[in-house]
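Structure, as structure tokens:
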Amino acid sequence: MTPAAVRAALAHPAGLSTAAAIELQHAARPLVVATGIRGTPRLVAGIDVSIASGAAHAAVALFDLERWRVVEIARAGAAVTFPYVPGLLAFREVPVVLAAWRRLRTRPDLLLVDGHGTIHPRRFGLACHLGVVLDLPAIGVGKTRLCGQARQPGPRRGAATRVLLGGEVVGRLLRTRDGVAPLWISIGHRITLDDAVRMTLRCGSRFRLPDPIRAAHAAAAGNDIDIASVRRKNAPPRSRPA
DNA sequence: GCGACAG
DNA sequence: ATCTTGTCGC
Ligand SMILES: [Mg+2]
């Protein structure tokens, strides 16, 4: 299977068996590149999906780090076509995300995905799927553990420990807020672990989750309360750094 | 065989 | 992910 064929398959995962899905991830793993990003990303796309009774809704929230605000939001809905299986989340969320992606008018510099990247049984989680398919730098932001081992980081924002899997460093457990549960950060595509951590911190300030992801989460849920909440709190850029 | 298990 | 209001703690 050629790289082009693999990418095409990743973009259209419809009707795959779990066995075929797993094979595809094995074939796609080599496509993930961990080289550094060039320049400083300004437009960051937060990506998330919400699911309610068989219907999935995805949101891509474009966040401008300079102006520190959401500058565009693209959404899309679709029927769920794949069951939730740990390790195969991408086959459930990628289709709807791509539908929302097509409605985005501006191309971002970086993708911040709600889900793991290389902290994955086959080193190819949701953030890798999206990064490879869209050919953009991507960071995997996990809220809870899927696999791998890590020591607990220090209590302050910025503290981090390495996430190991099979004797290999696959990510970092990063504290993004004092005394609050850390985030599992990993490479999605075209970025180094250090830059992934750096950018994750740069994309947030007062909340556990990076602002682009918070915005995407609220928009995907279509929940007025969530949206109003995010808009009201509107975390300021560097008012209270570190 | 048993336990773990993103969203 | 979702079901859901109040409540505990800084
Ligand atoms: Mg999510």
Side-chain angles (χ1 to χ4, degrees), chain A residues 10 13 18 21-22 24-25 28-29 32 46-61 75-100 111-132 138-150 155-157 163-166 170-189 196 200 206-210 212-226 228-229 233 240:
Chain A
L10 291 173
T18 64
I22 289 173
L24 181 54
Q25 290 183 324
R29 164 145 91 137
V32 173
I47 299 177
D48 192 25
V49 173
S50 73
I51 294 188
S53 56
H57 286 279
V60 178
R75 319 196 334 138
V80 174
T81 61
F82 203 90
Y84 169 65
V85 179
L88 301 181
L89 178 66
F91 296 91
R92 190 175 166 79
E93 303 198 340
V94 163
V96 214
V97 170
L98 294 183
L111 266 35
L112 263 195
V113 182
D114 181 55
H116 296 293
T118 55
I119 300 179
H120 179 276
R122 291 168 290 285
R123 313 287 196 284
F124 201 78
L126 176 61
C128 300
H129 278 251
L130 293 173
V132 168
I139 297 173
V141 180
K143 299 182 289 296
T144 62
R145 193 188 84 101
L146 167 61
C147 60
Q149 299 295 322
R156 313 295 289 182
R157 167 181 164 85
V163 176
L164 299 168
L165 185 58
V170 295
R172 291 246 260 272
L173 188 53
L174 173 70
R175 187 89 58 187
T176 53
R177 211 192 145 170
D178 293 359
V180 172
L183 256 25
W184 299 74
I185 304 304
S186 60
I187 291 171
H189 191 48
T200 297
R206 338 165 10 195
F207 304 99
R208 181 196 184 208
L209 290 175
I213 288 183
R214 277 169 51 85
H217 185 83
N223 184 327
D224 292 333
I225 296 176
D226 282 10
S229 171
K233 299 182 177 178
R240 206 192 71 181

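Below, read A as the first sequence line, B as the second, and so on, with proteins coming before strands; counting in each chain starts at 1.
- B:dG7 has A:Tyr84 stacked on its base ring, the centres lying under 5.5 angstrom apart and the planes within 30 degrees of parallel.
- Counting all heavy atoms, side chain and backbone alike, A:Ala21 lies closest to A:Leu88 at CB-CD2, 4.1 Å.
- Taking all atoms of both residues into account, the shortest heavy-atom contact from A:Gly140 to A:Ala127 is CA-CB, 3.5 Å.
- At the heavy-atom level, A:Gly179 lies nowhere under 4.0 Å from the strands shown.
- A close approach under 4.0 Å does occur between a side-chain nitrogen or oxygen of A:Lys143 and OP1 or OP2 of B:dG7.
- For the residue pair A:Arg122 and A:Arg29, the shortest heavy atom distance occurs at O-CD, 3.1 Å.
- Rounded to an integer number of Å, the gap from CG of A:Leu130 to C1' of B:dA6 is 13 Å.
- Counting any heavy atom pair closer than 4.0 Å across all strands shown, A:Ile119 reaches no nucleic acid atom.
- Phosphate contact (OP1/OP2 of B:dC5, side-chain N/O of A:Thr144, threshold under 4.0 Å): absent.
- In this structure, A:His129 atom NE2 and B:dA6 atom C1' are separated by 12 Å, rounded to whole Å.
- Distance CD1 (A:Ile185) to P (B:dA6): 16 Å, rounded to an integer number of Å.
- One finds no side-chain N or O of A:Arg92 lying less than 4.0 angstrom from the OP1 or OP2 phosphate oxygen of B:dG7.
- Nucleotides of DNA chain C lying under 4.0 Å from heavy atoms of chain A occupy a range whose first and last members, 5' to 3', are C:dA1 to C:dT2.
- Counting to the nearest Å, the P atom of B:dA6 and the CG atom of A:Leu89 are 9 Å from each other.
- Classified by interplanar angle (parallel below 30°, tilted 30° to 60°, perpendicular above 60°), the ring pair A:Phe124/A:His129 is tilted.
- A:Arg122 places its CZ atom 12 Å from the C1' atom of B:dA6, with the value rounded to the nearest Å.
- For A:Arg175 (side chain) and A:Val180 (main-chain N/O), a donor-acceptor pair under 3.5 Å exists by modelled atom type.
- The shortest heavy-atom contact between A:Val32 and A:Thr118 is CG1-CG2, 4.5 Å.
- Rounded to an integer number of Å, the gap from A:Asp48 CG to B:dG7 P is 9 Å.
- When rounded to the nearest whole Å, the span between CG of A:Leu88 and C1' of B:dC5 equals 11 Å.
- Tested against A:Asp178 for a salt bridge (charged side-chain N to carboxylate O under 4.0 Å, His left out), the candidates A:Arg157, A:Arg206, A:Arg156 yield a single pass: A:Arg156.
- Atom CG of A:Leu183 is separated from atom P of B:dA6 by 15 Å (rounded to the nearest Å).
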